[in-house]
Amino acid sequence: MAKRAFISGITGQDGSYLAEHLLDLNYEVHGLVRRVALEEPQRRLSRITHLLGRITLHPGSLESYASIFHIFSRYEFDEVYHLAAQSFVAESFADGFSTIQININGTHYILAALRELQPRAKFYFAGSSEMFGKPEEVPQRETTPFHPRSPYGISKVAGFHLTVNYREAYGMFCVNGMLFNHEGPRRGHEFVTRKVTSAVARIKLGLANELRLGNLDARRDWGHAADYVRAMHLMLQQPEPNDYVIATGETHSVQEFCELAFAEVGLAASDWVRVDERLLRPAEVNLLLGDASKARRVLGWKPTHTFRDLIVEMVRRDLALYSGGLERAADSVGTGLGPTTPPSALSR
Ligand code: G4F
């Protein structure tokens, strides 16, 4: 019988790639969406438009235990992937209260409802390299102590510990993926990689004349989201629940990302990039570099995209998008374009 999976955050970058991956593996895929998304499907469901005939969407909210409980009381799931969160670090400084409330309570609601209704479901929590923050060792691995530098990072540390606690206290199959930055053409425009590649495309096409950024010296371990969702699935196929770092093992600066992205269209980053101090963060994570050797050894996982592949794919997609060639693709995210949702995709 086909396995049934539930994804919170199915409308996001990772959720859309994970849904595709699970459908390819013949899973029955369900997702949580905010009711407001159903009212504005063209904009808010654009990453999963192409999947709508094949998945079941449940209106609900991470802020409402009742809505989560209701879904889990109607459907039994083999695997639950909890990806939804307020995931933009800069926004977490602007409104730390909302980030902490949604990210911590949302995780707790899902775990508590699972414990009550289906404790045998396997649970995946989207942890983050932001938990390492000001890293106490380089590279960071599963045993590296946490030192979060933002309300977002703090909320992810709390989610990590909730996940471990449900595993230890109630014997549930709960795992943490400690994922380093992962990107792709479906990335939201607020994150630096997509901000850069979309600006490169618009500058090349004469639609923009500068790119304002904050800290160009920050270094990240950037992988491709399509690779990282495979790791999420593999974690839930193991005989025992455990926590894993997922990373490429390479670190690059924002400056390097810009230089390669502009070079892809024959331009020099130094001619177009301006530093805007208003985009600096009150506390920065300066260097992230992951050691995913445990995932390689135990899960047999490894990334298939290089740093350069990632940049080239993102720049080319944005060039196609802004020159009008990609209006209906999943990767046209952020433009508000895309067909409407067939009502058959929605659970009632
Ligand atoms: O792209 P970012 O906003 O990603 P950040 O903060 O590393 O967080 C992302 O990765 C985490 C995994 O480690 C996730 F948990 C999290 O949800 C998110 O997906 O910023 C990357 C770096 C930062 O150092 C930032 O200061 O780029 C620097 N940066 C420089 N100028 C900028 C900008 N970031 C953004 N978003 N916008 C800028 O203009």
Side-chain angles (χ1 to χ4, degrees), residues 2 4-24 27-64 66-72 74-75 77 79-88 91 98 102-103 106 109-110 126 182-191 194-195 197-198 201-202 225-226 229 232 314 317-318 320-348:
R4 185 182 281 157
F6 177 80
I7 305 173
S8 77
I10 196 168
T11 59
Q13 168 188 258
D14 295 4
S16 65
Y17 281 121
L18 179 62
E20 277 172 11
H21 183 56
L22 296 178
L23 286 169
D24 285 347
Y27 276 63
E28 181 184 317
V29 176
H30 293 237
L32 176 71
V33 287
R34 280 177 292 165
R35 191 164 287 284
V36 65
L38 302 177
E39 287 158 12
E40 264 191 297
Q42 287 186 322
R43 190 161 77 83
R44 295 181 190 261
L45 301 184
S46 57
R47 291 183 182 91
I48 53 170
T49 304
H50 61 301
L51 304 178
L52 287 175
R54 303 167 64 202
I55 58 179
T56 304
L57 299 180
H58 301 273
S61 163
L62 279 189
E63 293 168 274
S64 156
S67 71
I68 309 266
F69 190 92
H70 178 68
I71 298 165
F72 290 164
R74 292 177 63 218
Y75 287 90
F77 296 103
E79 297 171 12
V80 171
Y81 297 86
H82 176 38
L83 314 184
Q86 192 303 96
S87 63
F88 185 31
E91 170 60 22
S98 301
I102 292 166
N103 292 4
Y109 292 159
I110 291 186
H182 44 286
E183 320 291 315
R186 299 182 193 174
R187 195 52 151 147
H189 289 253
E190 65 273 38
F191 299 98
R194 187 72 194 283
K195 184 172 174 183
T197 61
S198 64
R202 283 180 288 116
V229 301
M232 296 176 188
M314 291 180 72
R317 292 296 181 116
D318 276 329
L321 174 62
Y322 286 102
S323 55
L326 256 188
E327 291 181 2
R328 286 181 174 264
D331 300 340
S332 65
V333 166
T335 62
L337 300 170
T340 52
T341 316
S344 59
L346 310 176
S347 92
R348 290 173 217 290

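Residue numbers start at 1 and run along the sequence shown.
- Checked against side chain to side chain contact (heavy atoms under 4.5 Å, CB included), A225 has the following partners two or more places apart in sequence or in another chain: Q13, D14, Y17, H182.
- Partners of S16 according to the side chain to side chain contact (heavy atoms under 4.5 Å, CB included) rule, which considers only residues two or more places apart in sequence or in another chain, are R47, I48, R186.
- No donor-acceptor pair under 3.5 Å is formed between the side chain of R317 and the backbone N or O of P185.
- Remark: I10 CD1 to I55 CD1 distance equals 4.0 Å, nearest 0.5 Å.
- For the pair M232/L83, a side-chain contact is recorded, criterion being any heavy-atom separation below 4.5 Å from C-beta on.
- Shortest non-hydrogen contact noted between P59 and L32 is C-CD1, 4.4 Å.
- Between Y81 and V229, the closest side-chain pair of non-hydrogen atoms is not below 4.5 Å.
- For the atom pair CD1 (I71) and OG1 (T56), the distance works out to 11.5 Å, reported to the nearest 0.5 Å.
- We find the CZ-OG distance between F191 and S87 to be 3.5 Å, quoted to the nearest 0.5 Å.
- Between H189 and S198, the shortest heavy-atom distance links the atoms ND1-OG, 3.6 Å.
- In this structure T11 satisfies the side-chain hydrogen bond (donor to acceptor under 3.5 Å, both in side chains) test with no other residue, sequence neighbours excluded.
- For R34, the side chain to side chain contact (heavy atoms under 4.5 Å, CB included) partners are V36, R44, not counting sequence neighbours.
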What's the verdict on side chain to side chain contact (heavy atoms under 4.5 Å, CB included) for V29 and R54, showing C-alpha distance, side-chain angles and the deciding distance? CA-CA 8 Å; V29 176; R54 303 167 64 202; over 6 Å; no
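- With rounding to the nearest 0.5 Å, the separation of NE2 in H58 from CD1 in I7 is 11.0 Å.
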I'd like to know whether N103 forms a side chain to side chain contact (heavy atoms under 4.5 Å, CB included) with L62, so could you lay out the CA-CA distance, the side-chain angles of the two residues, the decisive distance to 0.1 Å, and finally the verdict. CA-CA 8 Å; N103 292 4; L62 279 189; 5.8 Å; no
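- In terms of heavy atoms, L51 sits closest to A19 at CD1-CB, 3.8 Å.
- A distance-only check finds no donor-acceptor pair linking the side chain of S64 to the backbone of S61 [under 3.5 Å].
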Does D318 form a salt bridge (charged side-chain N to carboxylate O under 4.0 Å, His left out) with R194? I'd like the steps, not just the answer. CA-CA 9 Å; D318 276 329; R194 187 72 194 283; 2.8 Å; yes
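- Checked against ring-ring contact (aromatic ring centres under 6.0 Å, His included), F72 has the following partners two or more places apart in sequence or in another chain: F6, F77.
- In terms of the side chain to side chain contact (heavy atoms under 4.5 Å, CB included) criterion, residue partners of E28 (sequence neighbours excluded) are, by chain and number, R4, H30.
- Between the CZ atom of R74 and the NE2 atom of H70 there is a distance of 4.5 Å, given to the nearest 0.5 Å.
- What you find for A84 and H82 is that their closest heavy atoms are O-CE1, 3.4 Å.
- For the atom pair T197 OG1 and L321 CG, the distance stands at 9.5 Å (nearest 0.5 Å).
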